[in-house]
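Below: one structure, written as structure tokens.
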Protein chains: 2
Amino acid sequence: MNQKIKDLVEILKEKNIKPSYQRIKILEYLVLKKNHPTVDEIFKDLVKEMPTLSRATVYNTLDLFKRSELARVVTIEDNETRYDAEVSVHGHFKCENCGTIFDFPVDEKALYSDALKDFMITEKNVYFKGICPKCHNTNK
Amino acid sequence: MNQKIKDLVEILKEKNIKPSYQRIKILEYLVLKKNHPTVDEIFKDLVKEMPTLSRATVYNTLDLFKRSELARVVTIEDNETRYDAEVSVHGHFKCENCGTIFDFPVDEKALYSDALKDFMITEKNVYFKGICPKCHNTNK
DNA sequence: GTATCATTTTATAATCATTATAAATACCTA
DNA sequence: TAGGTATTTATAATGATTATAAAATGATAC
């Protein structure tokens, strides 16, 4: 536990981010909960143990993490921004029934297109929607 | 021109959508302008020739088109929903400098992942961000 | 052709995620 | 400890989207 907190502090320091209590907790949340939480989910969970936490802090911190490449935005629905501490290229599948988001591997080479040979690519996103196996079986 | 309108009416009828003037014009806009417009862009352009047009109609109609698979949502930024009359699987590249959105081909087979073999996939989305050749050269 | 009913559109208000602002707090250095 | 900077907080403002109810349009039966 202490070790883990220490790791989080190190991660922040490497990115020249001052490790405030709020930042450590938000980073910890992202790293431990790998369920691509929305801003609101992060806020509502963390405010339980940090009653003075402000939504603005959550927004500011996530934006800071994004700019520092500690987290990436997962845009699947236009009305909820999610965050993911796993910044490598991978796909997201969202079940339209239960809302769960699953990761899946993406072959980056396969995504290459000649049409983009003169483009400077800074971000690659792949997401699918549909019904996950669990919901598919239940509904049948 | 008349022929084209007639085609649009046919497209709507095939989906069992009554071809009202507003629906024809919005579909025409999507089909002719292939620039993945936002709802606001569609509204602001069309209200010029249809002064009584309401934003609600644009929202309702686009939602109807989406459900009827006449258009697909292009979610790239979380604060602007775009629409595309091209419903086949293809990628979108958004230039972070000029905002232009480019289409590029995507090899659907290459996107296949064993991890999703038990999932029912209804929608596949690929989008990249970066700098387009034009902006890249200008800024250099 | 007119009355009736259903559909579509419109205008407006409500909602909700996000951003902006300014004050309060915490942190750092001299 | 004092003074200055960075961070957090509370609150208000913004802006896209959705909800609601009235008005307009269109279709059908008589």
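Here the structure is a predicted model, which is why all the values come from computation and not from measurement. Below, chain A is the first sequence line, B the second, and so on; all start at residue 1.
- B:Thr61 places a side-chain N or O within donor-acceptor distance of the main-chain N or O of B:Thr57, the cut-off being under 3.5 Å.
- Residues B:Met50 and B:Asp78 each lie close to DNA chain C; by heavy-atom proximity, the contact nearer the 5' end of the strand is made by B:Met50.
- A donor-acceptor contact shorter than 3.5 Å links the side chain of A:Arg23 to the backbone of A:Lys18.
- Distances shorter than 4.0 Å separate some side-chain N or O of A:Ser20 from OP1 or OP2 on D:dT8.
- As a whole-Å value, the separation of A:Leu64 CG from D:dT7 P is 8 Å.
- By the 30° and 60° cut-offs, the orientation of the rings of A:His36 relative to A:His92 is perpendicular.
- Phosphate contact (OP1/OP2 of C:dT19, side-chain N/O of A:Arg55, threshold under 4.0 Å): absent.
- Nucleotides of DNA chain C nearest to B:Arg23 and B:Pro51 differ in position, and the one nearer the 5' end is that of B:Arg23.
- Using a 4.0 Å cut-off, some side-chain N or O of B:Thr52 falls inside it from OP1 or OP2 of C:dT10.
- Taking only side-chain atoms of A:Gln22, from C-beta outward, the nucleotide of C:dT9, C:dT18, D:dT8 with the closest atom is D:dT8.
- Nearest nucleotide to the B:Ala56 side chain, out of D:dA19, D:dT17, D:dT7: D:dA19.
- Of the listed nucleotides (D:dT8, C:dT18, C:dT9), C:dT9 has the atom at the smallest distance from the side chain of B:Asn60.
- Taking atom CG of residue B:Leu53 and atom C1' of nucleotide C:dT9, one finds them 9 Å apart after rounding to whole Å.
- Residue B:Thr38 is out of contact with every strand shown, counting any heavy-atom pair closer than 4.0 Å.
- Here the P atom of nucleotide C:dT12 and the CZ atom of B:Phe43 are 12 Å apart, to the nearest Å.
- Between B:Ile24 atom CD1 and D:dT25 atom P there is a gap of 15 Å when expressed in whole angstrom units.
- Side-chain N/O atoms of A:Tyr59 include one lying less than 4.0 angstrom from OP1 or OP2 on C:dT18.
- Put simply, CZ on A:Arg67 is 11 Å from P on C:dT19, counting in whole angstrom units.
- Atom CG in A:Asp40 sits roughly 6 Å away from atom P in C:dA17 (whole-Å rounding).
- One atom, CG of B:Leu46, and another, C1' of C:dT10, lie 15 Å apart when rounded to the nearest Å.
- Minimum atom distance to the side chain of B:Ser54 is reached by C:dA11, of the listed C:dT9, C:dA11, D:dT9.
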Mind listing the side-chain donor-acceptor pairs of residues 109-120 of chain B below 3.5 Å, one per line with the distance, residues two or more places apart or on another chain?
from, atom 1, to, atom 2, distance (Å)
B:Tyr112, OH, B:Asp114, OD1, 3.2
B:Ser113, OG, B:Ala115, N, 3.1

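- The nearest heavy atom of DNA chain D to B:Glu80 and to B:Lys18 marks one nucleotide each, and the one closer to the 5' end goes with B:Glu80.
- If you measure from atom CG of B:Leu12 to atom P of C:dT8, you get 11 Å, rounded to the nearest angstrom.
- When atom types are taken as modelled, the side chain of B:Glu41 and the backbone of B:Thr38 share a donor-acceptor pair closer than 3.5 angstrom.
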